[in-house]
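Each remark here refers to the structure printed beneath this line.
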Amino acid sequence: MKIKILANDGISPLGKDMLEKKGFEVITTKVAQNQLVEYINKHEISGLLVRSATQVRKDIIDGCPTLKLIGRGGVGMDNIDVAYAQSKNIEVINTPNASTNSVAELVFAHLFTGVRYLHDANRMMPLEGETQFNELKKGYANGVELRGKTLGIIGFGRIGQAVAKIAIGLGMKVLPHDPYVKEAVINLSFFDGQELSFNVKTVSKDELLSQADFITLNNSAQKGYVIDVAEFEKMKDGVGIINLARGGALSEQALLEALESGKVAFAGLDVFENEPTPSLHILMHPQISLTPHIGASTTEAQDRIATELAEQIVTLLK
């Protein structure tokens, strides 16, 4: 009898194929949250794979005696009661490395968008480009370059260091802050085989806030806001801020106030306080670049996620 794996939030064809070649049965049916327990028990599921959509709480852990493994396609495991699952002898795995580069690149997609008003231009050009071309051209004419600017990176783990790597390549100064990391070696590899290494030391949060031209949140989950009213007050006027960490890392109300006062010039958000129903004030704001939590959603990252999960599953369940 084949060991059954339910990939409730999907899995790339590469990972599915890897598992099936090892003798697993991979089910990709999307089961509603309130029907998960019944489905897992009916089909005798041994492994449950999720991303951020499916919640794996005590009710599922207690209600599904056939469950031997829970896998999270991604880094954070906020949606899984990890310690409780482990106390019930259920393996809990994730893929901390797979999406690092994809998230880091999206940080810069939002940064480039913000400094050149692409988010607003892409809204307004279809509406007014035919009749107000010169006016729009003038309105978007005072963009700035990233080269030579200072990027504050809150959270200097894998993703923060990948962000630093791109920033250094662009000619930016990086100011990382992380209470758990004192310094890191950033290695840049180039197309012709050359490599350069930079020893980057972290700074205090206050130093970062006061000196950065742009700030990106790439920290792991923690209680309370990382950026709230007090933090905005310490920032330079006209700062740009990017949040790809957690919706709860940034106070959206404080952000709106900072945008209105001119303290913040633009923001880029991939995560929101009220997912999957973000605030309309956030969604409609002309100075905010928006994506629907797609930091890890590249083909390459999904293949790496699926490969990492498949390799761990084979090791643990076979």
Side-chain angles (χ1 to χ4, degrees), residues 102-154 163 166-167 169-175 208-218 227-229 231-245 247 249-275 277-295 297:
S102 296
V103 176
E105 288 192 5
L106 187 62
V107 168
F108 284 89
H110 279 291
L111 276 172
F112 279 117
T113 292
V115 296
R116 298 306 295 271
Y117 312 108
L118 301 185
H119 53 297
D120 201 51
N122 279 320
R123 291 167 174 168
M124 298 308 295
M125 282 293 286
L127 299 174
E128 299 181 359
E130 187 177 12
T131 57
Q132 304 290 324
F133 189 91
N134 288 331
E135 289 80 359
L136 292 173
K137 181 179 179 180
K138 184 177 180 181
Y140 301 134
N142 60 337
V144 298
E145 296 181 0
L146 295 181
R147 181 174 296 277
K149 304 300 191 302
T150 298
L151 179 64
I153 304 170
I154 296 179
V163 169
I166 298 173
L170 283 169
M172 301 184 79
K173 177 183 177 181
V174 295
L175 279 181
L208 181 154
L209 294 172
S210 64
Q211 295 188 22
D213 299 302
F214 309 103
I215 296 171
T216 172
L217 278 70
N218 300 109
I227 300 294
D228 203 344
V229 174
E231 285 74 25
F232 280 116
E233 290 175 351
K234 296 175 182 178
M235 296 178 193
K236 287 183 176 182
D237 290 341
V239 70
I241 188 158
I242 311 295
N243 184 17
L244 272 76
L250 173 70
S251 167
E252 292 178 359
Q253 182 57 44
L255 172 63
L256 290 170
E257 293 170 3
L259 285 164
E260 293 306 311
S261 72
K263 171 62 73 171
V264 174
F266 72 88
L269 302 179
D270 185 53
V271 289
F272 305 87
E273 288 194 65
N274 298 305
E275 291 185 31
T277 55
S279 158
L280 196 60
H281 294 293
I282 291 289
L283 296 178
M284 297 298 292
H285 203 288
Q287 291 161 263
I288 302 179
S289 171
L290 303 156
T291 48
H293 204 151
I294 58 168
S297 299

**Request:** Show your reasoning for whether side chain to side chain contact (heavy atoms under 4.5 Å, CB included) applies to Y140 and L118.
**Result:** CA-CA 9 Å; Y140 301 134; L118 301 185; over 6 Å; no
**Check against side chain to side chain contact (heavy atoms under 4.5 Å, CB included), E257 and F232** = CA-CA 10 Å; E257 293 170 3; F232 280 116; over 6 Å; no
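- With hydrogens and angles disregarded, no donor-acceptor distance shorter than 3.5 Å links the side chain of E275 to the backbone of G247.
- Here L208 contributes atom CG and L175 contributes atom CG; the two are 6.0 Å apart, rounded to the nearest 0.5 Å.
- In this structure, Q211 contributes its side chain and T150 its backbone to no donor-acceptor pair below 3.5 Å.
- A donor-acceptor distance shorter than 3.5 angstrom exists from the side chain of K263 to the backbone of M235, with no hydrogens or angles considered.
- Between the side chain of T291 and the backbone N or O of I294 there is no donor-acceptor pair closer than 3.5 Å.
- For the residue pair G152 and A212, the shortest heavy atom distance occurs at N-CB, 3.6 Å.
- In this structure, E231 contributes its side chain and D228 its backbone to a donor-acceptor pair below 3.5 Å.
- A distance-only check finds no donor-acceptor pair linking the side chain of D213 to the backbone of K149 [under 3.5 Å].
- Here the side chains of F266 and D120 are not in contact, with every heavy-atom distance at 4.5 Å or above.
- Heavy-atom neighbours of E145 CD from other residues, nucleotides or ligands within 6.0 Å: at or below the threshold of 12.
- Heavy-atom minimum distance, H110 versus S289: ND1-OG, 2.8 Å.
- In this structure, H285 NE2 and L280 CG are separated by 12.0 Å, a value rounded to the nearest 0.5 Å.
- Remark: the H119 side chain and the T113 side chain contain no N/O donor-acceptor pair separated by less than 3.5 Å.
- The two residues F108 and A167 make their nearest non-hydrogen contact at CZ-N, 3.6 Å.
- N243 contributes atom CG, which lies 9.0 Å from atom CG of L255 (distance to the nearest 0.5 angstrom).
- Taking CD1 of I227 as the reference point, atom NZ of K234 lies at 9.5 Å (rounded to 0.5 Å).
- Listed here is the closest heavy atom pair of E252 and I282: OE1-CG1, 3.6 Å.
- Proximity of a side-chain donor or acceptor of D270 to a complementary backbone N or O of H293 within less than 3.5 Å is detected.
- Rounding to the nearest 0.5 Å places CG of L209 at 5.0 Å from CD1 of I215.
- Taking CG of L244 as the reference point, atom CD of E105 lies at 12.0 Å (rounded to 0.5 Å).
- For the pair A265 and G238, the tightest heavy-atom approach, listed with the atom from each and the gap, is CB-O, 3.4 Å.
- T216 pairs in a side-chain contact (heavy atoms from CB on, under 4.5 Å) with only one of the listed residues (L111, I241, I153), which is I153.
- Taking 4.5 Å as the limit, every side-chain heavy atom of L151 sits out of range of all side-chain heavy atoms of L170.
- Between P286 and R123, the closest heavy-atom pair is CA-NH1, 3.5 Å.
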